[in-house]
Participant: 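Mind having a look at this structure? Questions to follow.
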Number of protein chains: 2
Amino acid sequence: MSADHSPAGEPARMLELLWGTASPPSRGPKPALSLAKIVDAAVQIADAEGLAALSMRRVAEELGFTTMSLYRYVSGKEDLLELMQDAAAAPPPDVDLDSMPDDWRGAARWWATHNIEMFRRHPWFMDIPLSGPPMGPNQVRWMDRLLGALAGTGLSPGEKMGVLTLLSTWALSAGRLELSIMEGASRTGVEPDDWDPLYGQLLSKVVEAEEFPALAEILTAGIFSGPEPDGDEGNTADQPGDPEGAEFSDDLTFGLEVILDGVEALIARRMTTSGRDSASKP
Amino acid sequence: MSADHSPAGEPARMLELLWGTASPPSRGPKPALSLAKIVDAAVQIADAEGLAALSMRRVAEELGFTTMSLYRYVSGKEDLLELMQDAAAAPPPDVDLDSMPDDWRGAARWWATHNIEMFRRHPWFMDIPLSGPPMGPNQVRWMDRLLGALAGTGLSPGEKMGVLTLLSTWALSAGRLELSIMEGASRTGVEPDDWDPLYGQLLSKVVEAEEFPALAEILTAGIFSGPEPDGDEGNTADQPGDPEGAEFSDDLTFGLEVILDGVEALIARRMTTSGRDSASKP
DNA sequence: CGCTAATGTTTATGTTATACACAGTTCTAC
DNA sequence: GTAGAACTGTGTATAACATAAACATTAGCG
């Protein structure tokens, strides 16, 4: 255990907390509480009532302990939040059981989709300010999955990492976007589908064609007034590779497919420049 | 004025606040305070001491008023934060004076770079949870700029908006990433340049080759132990088009260039499918 | 057995946002 | 002109928050 009171978020200590590596104490009384129980309770509360409802008091109450007892396991709320994030990112499904595609593009889509579904299950995840690169076991497992899918692409290690952060930040942004629409809907009573038209309507009130020519053109094109007239989405959107019944709004897939096109171009460049990983400048 | 106490974040009221449209009151005493003064003070505090130091009390103190006086102009802290965001996104520079490139790709790079520089000036911006699509005058001005740059590309209105949100969310993510490194550095005393090696070192402690084959390979490749051995970045990174002396870390440009490659592919597809904006399904 | 480390509790502090009632000010309708 | 209404800034009060510090209790180690 040993939640010595070093400053919250200190990387080395967090590693121990996240991975559960730590020489168990031999001296004191048997702990009645445990890190796992605390984190589980916190996740449950945040799932049910949102991050705003998550307080140290609330967690302790749920467990039948006093607020301060938690501080024996966690050096502050920040720590708890970081632990919750890794707990939320449950381990990826078994390789032989799940339906992760073989091609890198399908696999990347699969990976991003799973990410977003996690965000849907744990929306509070996106409200936590990131405190550093992911170091928890589950998040690292997910990292490994995507990196593995990029194995045959000829990308350099650095490029693979670049694609990883790009996809992972995209998923986060997309999740946030979706969430903000849902929240806006529940706050104002506007249905998610009516959001785009409403936004367009609001903007139209203030956007004059002289000052905002390009935006005005988009608005008059009525892009916000309903479903895309005859949108040919990106390119191969909604291919096989999506898990479950993940209905993905077109707004969301668009960005993903553009990114994947960019990665594809990079891979193609790497392939043609000869088999070597890192070639000379083009 | 009329900060009637409807729920915070209500879109129509926020529009009035953001654009300053509102019939000025004729009945009461002359206001000694003003929305602009409040927002300016708040921005100044957040710039200097961070978002955590920004409290209603603090803002009021700075202005020499009581805490509650602010609530005559703003229905809650949420409102203030949203107003601050638009204030931080200062109007884009004059078209004839600045050096925005003519080609869409250079312009997009220019736009994203300016975004990130704004984040560097106002790091607190990234800590504010987004409450909806941008509606303030300055943010809308920036939107218009990018949309204008995409005018000649043959993209459909919906696609242009897609590119806009993709670039804007990318900039936000990149800024956040950069910020988290800076914060981590100041918290732990580790230099930003030493962060990657440290991360790799920490991961190496827990990443076993059996369970994390792909990650282990990257780690042993030593990708985190220093600058890329002989990295040929994306493609045309750091082309002309950057404003000022923006030194952009390679980690940052990588993602941007991949995205731009993806957009380029989309544009190319639109160009060849014939001149029409919205073609039939493939 | 005593020493010591470890656990959970008690008590207390300072900070936060903001609801509510009020006193003073200024214009509008009569 | 004068009543009343609209509007401004203030004073007071509340509930919630994270967490610091001192404490009694428990359990292993010498």
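Given the structure is predicted, the values throughout are model-derived calculations rather than measurements. Chain naming here is simple, since letters A, B, ... match the order of the sequence lines and numbering starts at 1 in each.
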Participant: Please work out whether the ring planes of W19(A) and F212(B) are parallel, tilted or perpendicular, with thresholds of 30° and 60°.
Facilitator: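 Correct class here is perpendicular.
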
Participant: Pick base, sugar-phosphate or nothing for S69(B), based on heavy-atom distances below 4.0 Å to the nucleic acid.
Facilitator: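 Here S69(B) touches the bases of the nucleic acid.
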
Participant: Round to the nearest Å and state the distance from L80(A) atom CG to dC17(D) atom P.
Facilitator: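 After rounding, the gap between these two atoms is 14 Å.
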
Participant: Keeping to residues at least two apart or across chains, list the salt bridge (Lys or Arg N to Asp or Glu O under 4.0 Å) pairs with something in residues 19-36 of chain A.
Facilitator: none

Participant: Please check if the number of heavy atoms outside E49(B) that lie under 6.0 Å from its CD is greater than 12.
Facilitator: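 Enclosed.
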
Participant: Treating primed atoms plus P, OP1 and OP2 as sugar-phosphate and everything else as base, which nucleotides of nucleotides 20-25 of chain C get B, S or - for protein heavy atoms under 4.0 Å?
Facilitator: B---BB

Participant: CG of L33(A) versus P of dT25(D): gap in Å, rounded?
Facilitator: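 Rounded to whole Å, this separation is 20 Å.
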
Participant: Nearest whole angstrom, please: distance from the P of dT8(D) to the CG of L35(B).
Facilitator: 11 Å

Participant: Does a nitrogen or oxygen in the side chain of S26(B) sit under 4.0 Å from OP1 or OP2 of dC27(C)?
Facilitator: no

Participant: Does a side-chain N or O of Y71(A) approach OP1 or OP2 of dT7(C) to a distance below 4.0 Å, or not?
Facilitator: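 So the side chain of Y71(A) is outside the cut-off, no N or O lying under 4.0 Å from OP1 or OP2 of dT7(C).
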
Participant: For E117(A), is there an ion pair with R121(A) - N to carboxylate O distance below 4.0 angstrom?
Facilitator: no

Participant: For residues 56-66 of chain B, which residues have at least one heavy atom under 4.0 Å from DNA chain D?
Facilitator: F65(B), T66(B)

Participant: Rounding to an integer number of Å, can you tell me how far E78(A) CD sits from dT19(D) C1'?
Facilitator: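 Between C1' of dT19(D) and CD of E78(A): 13 Å.
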
Participant: Quick check against the 3.5 Å criterion: does D86(A) have a side-chain atom that pairs as donor or acceptor with the backbone of Q139(A)?
Facilitator: yes

Participant: Measure the distance from OH on Y73(A) to C1' on dT9(C) and round it to the nearest whole Å.
Facilitator: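 Distance, rounded to whole Å: 13 Å.
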
Participant: Can you label the angle between the H114(A) ring and the W142(A) ring as parallel, tilted or perpendicular, going by 30° and 60°?
Facilitator: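 The arrangement is tilted - the two ring planes meet at 30° to 60°.
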
Participant: Hydrogens and angles aside, do S131(A) and E78(A) bring a side-chain donor and acceptor to less than 3.5 Å of each other?
Facilitator: no

Participant: Could you give the distance from OG (S34(A)) to CG (D40(A)), rounded to the nearest 0.5 Å?
Facilitator: 8.0 Å

Participant: What residue among W124(B), F125(B), F119(B) forms ring pair (Phe, Tyr, Trp, His ring centres under 6.0 Å) with H122(B)?
Facilitator: W124(B)

